[in-house]
Amino acid sequence: MNEISAGLLASDACTSPKFLYDSLGSKLFEAICELPEYYPTRTEASIFAAYGADMAHAIGEGSSLIDLGAGNCAKAASLFPLLKPAQYVPVDISRDFLLGAVAQLQQRFPQIEMTALGLDFSSGFELPDSVRAERRVFFYPGSSIGNFSPEQAVTFLRGLRANAGADGGLLIGVDLIKDRAVLDAAYDDALGVTGAFNLNMLRHLNHLIGADFEVDQWQHVAFFNPEKSRIEMHLEARCPLTVTWRGGERDFARGERIHTEDSYKYTRQSFVTLLEKAGFATSRMWTDKNNWFAVIHARAIPD
């Protein structure tokens with residue numbers, strides 16, 4: 001609650017993107033991934049389909065696959081026949097949604113040990129003893145690393161390196177810089193599903209901190225900021241209004257915004273450099289034919 005309140009009271013109001021993901025938010029994001037404008041999901045899926053065997057060869061069988069922001073677990077599950085992990089550890093902030101997905105998945109793959117973790121991993125975490133210490137491979141698809149600033153991303157990845165151990169690694173999806181029109185459309189689709197996803201955060205905040213946001217007083221705004229190489233998502237007040245919550249309140253002018261999410265875009269080399277700063281050495285990189293997206297396997301650099 002303190003984190004949310006501090007963000008709402010900042011000179012430029014903001015919230016963490018993790019609050020986009022309550023149960024409804026998770027379902028809305030699934031719908032976003034099916035939209036024609038939202039290229040990351042299908043582009044990344046094409047890379048996995050084309051090069052999954054190469055990835056499996058690079059990683060090897062019998063790993064402990066730790067799926068960060070697992071959601072419905074579909075991306076990891078599609079790789080199970082190739083990767084053949086000994087243990088699958090899906091991690092997601094939306095615990096109830098995750099547990100339902102894992103229960104179905106366990107029936108399909110009874111030979112894989114599964115340990116679901118409902119927690120917020122964005123600010124650092126330590127894996128419990130139930131997660132095997134050997135051959136930990138962090139799976140972070142979908143370009144979610146872009147939600148962190150480059151400085152925050154290095155810090156976050158260093159935390160993964162600390163949990164990976166000497167023989168661990170990382171399989172990560174990265175969205176690459178491309179034409180601005182493609183980027184803008186991906187985060188402001190014609191059907192308005194991304195807008196509904198963003199606005200649903202207000203309902204979630206009402207539940208979390210007892211706020212009185214009225215959704216129809218706000219609108220979704222998203223655009224690519226070329227100077228910072230990132231997509232920005234905001235919620236913009238349609239009229240002057242006052243929002244109250246337990247222990248706080250704020251007046252918003254018409255047109256004033258709450259910054260809800262960033263999605264940073266990288267060149268191939270800039271992300272390799274970022275990985276090296278965090279203690280990972282790039283092993284392999286696979287891209288689609290348009291060079292819109294990359295999947296990278298990196299190994300922990302020995303201490």
Side-chain angles (χ1 to χ4, degrees), residues 1-8 10 12-35 37-38 40-41 67-75 90-98 100-101 117-123 125 140-149 152-153 156 173 175 183-189 191-211 213-225 230-237 243 245 257-265:
M1 179 171 172
N2 289 340
E3 177 186 359
I4 298 171
S5 185
L8 293 176
D12 294 318
C14 61
T15 60
S16 168
K18 66 188 177 186
F19 299 118
L20 290 163
Y21 296 94
D22 61 352
S23 181
L24 177 56
S26 296
K27 291 173 182 175
L28 285 168
F29 186 72
E30 283 188 9
I32 289 170
C33 293
E34 299 297 324
L35 295 170
E37 298 97 329
Y38 195 74
T41 303
D67 187 358
L68 302 176
N72 64 6
C73 306
K75 290 183 181 181
V91 184
D92 202 279
I93 193 171
S94 185
R95 185 175 183 274
D96 292 343
F97 184 82
L98 177 65
L117 300 178
L119 54 83
D120 172 17
F121 60 84
S122 62
S123 56
F125 66 100
Y140 201 30
S143 75
S144 295
I145 191 65
N147 292 153
F148 299 96
S149 71
Q152 291 170 334
F156 173 74
D175 201 4
L183 289 166
D184 284 345
Y187 292 84
D188 195 7
D189 61 277
L191 284 177
V193 182
T194 310
F197 171 67
N198 200 14
L199 287 162
N200 179 66
M201 175 187 276
L202 299 178
R203 298 188 183 94
H204 192 202
L205 295 182
N206 286 347
H207 172 71
L208 290 173
I209 63 171
F213 283 103
E214 295 185 27
V215 175
D216 60 0
Q217 294 180 334
W218 297 82
Q219 63 185 354
H220 167 70
V221 176
F223 56 88
F224 182 65
N225 181 335
R230 71 187 188 190
I231 283 283
E232 296 182 11
M233 288 206 328
H234 301 259
L235 291 169
E236 183 177 280
V243 178
W245 59 91
R257 295 172 176 175
I258 302 173
H259 192 164
T260 57
E261 184 176 41
D262 289 323
S263 184
Y264 284 82
K265 312 303 175 184

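In what follows, every heavy atom counts, from backbone to side chain, and hydrogens, waters and symmetry copies are set aside. The structure displayed is predicted, hence computed values, not measured ones. In what follows, residues are counted from 1 in the order of the sequence shown.
Between the side chain of T260 and the main chain of M233, a donor-acceptor pair closer than 3.5 Å is present. With hydrogens and angles disregarded, no donor-acceptor distance shorter than 3.5 Å links the side chain of N225 to the backbone of R230. With hydrogens and angles disregarded, no donor-acceptor distance shorter than 3.5 Å links the side chain of D188 to the backbone of A222. In terms of modelled atom types and a separation under 3.5 Å, the side chain of D92 and the main chain of R95 share no donor-acceptor contact.
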Please test R203 against V215 for side-chain contact (heavy atoms from CB on, under 4.5 Å), starting from the C-alpha separation and ending with a verdict.
-> CA-CA 7 Å; R203 298 188 183 94; V215 175; 3.8 Å; yes
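No side-chain heavy atom of V243 sits less than 4.5 Å from a side-chain heavy atom of L8. Put simply, the side chain of I258 reaches to within 4.5 Å of the side chain of W218, judged on heavy atoms. Side-chain contact check for F29 versus F197: some heavy-atom pair is nearer than 4.5 Å. Under the 4.5 Å side-chain criterion, counting only non-hydrogen atoms from C-beta, H207 is not in contact with D22. In this structure, the side chains of I231 and D184 come closer than 4.5 Å at one or more pairs of heavy atoms. Contact of the S16 side chain with the I4 side chain is not registered, since no non-hydrogen atoms from C-beta on lie closer than 4.5 Å.
To the nearest 0.5 Å, the span separating CZ on F224 from NZ on K265 amounts to 8.0 Å. Put simply, NE2 on H220 and CG on N198 are 5.5 Å apart, with the number rounded to the nearest 0.5 Å. Between atom OG1 of residue T41 and atom CD of residue E30 there is a gap of 10.5 Å, rounded to the nearest 0.5 Å. Rounding to the nearest 0.5 Å places OG of S26 at 9.5 Å from CG of N200. Put simply, CZ on F213 and CH2 on W245 are 6.5 Å apart, with the number rounded to the nearest 0.5 Å. Taking CG from L199 and CG from L20, the interatomic distance works out to 10.5 Å, rounded to the nearest 0.5 Å.
A pairwise comparison of heavy atoms in D262 and N147 identifies O-ND2, 2.8 Å as the closest pair. Closest of all the heavy-atom pairs between I32 and Y38 is O-CB, 3.3 Å. Residue D120 comes nearest to S122 through the heavy atom pair OD1-OG, 2.6 Å, listed as atom of the first residue, atom of the second, then distance. Nearest heavy atoms, D175 versus P40: OD2-CG, 4.3 Å. Residue H204 comes nearest to F19 through the heavy atom pair ND1-O, 2.8 Å, listed as atom of the first residue, atom of the second, then distance. Among all heavy-atom pairs drawn from M201 and T15, the shortest one is SD-OG1, 3.0 Å.
Contact check on R257 versus E232 returns no salt bridge, with no Lys/Arg side-chain nitrogen under 4.0 Å from an Asp/Glu carboxylate oxygen.
Taking the six-membered ring where the residue is Trp, F121 and F156 present tilted rings, their angle falling between 30° and 60°.
Other residues, nucleotides and ligands contribute more than 12 heavy atoms inside 6.0 Å of the NZ atom of K18.
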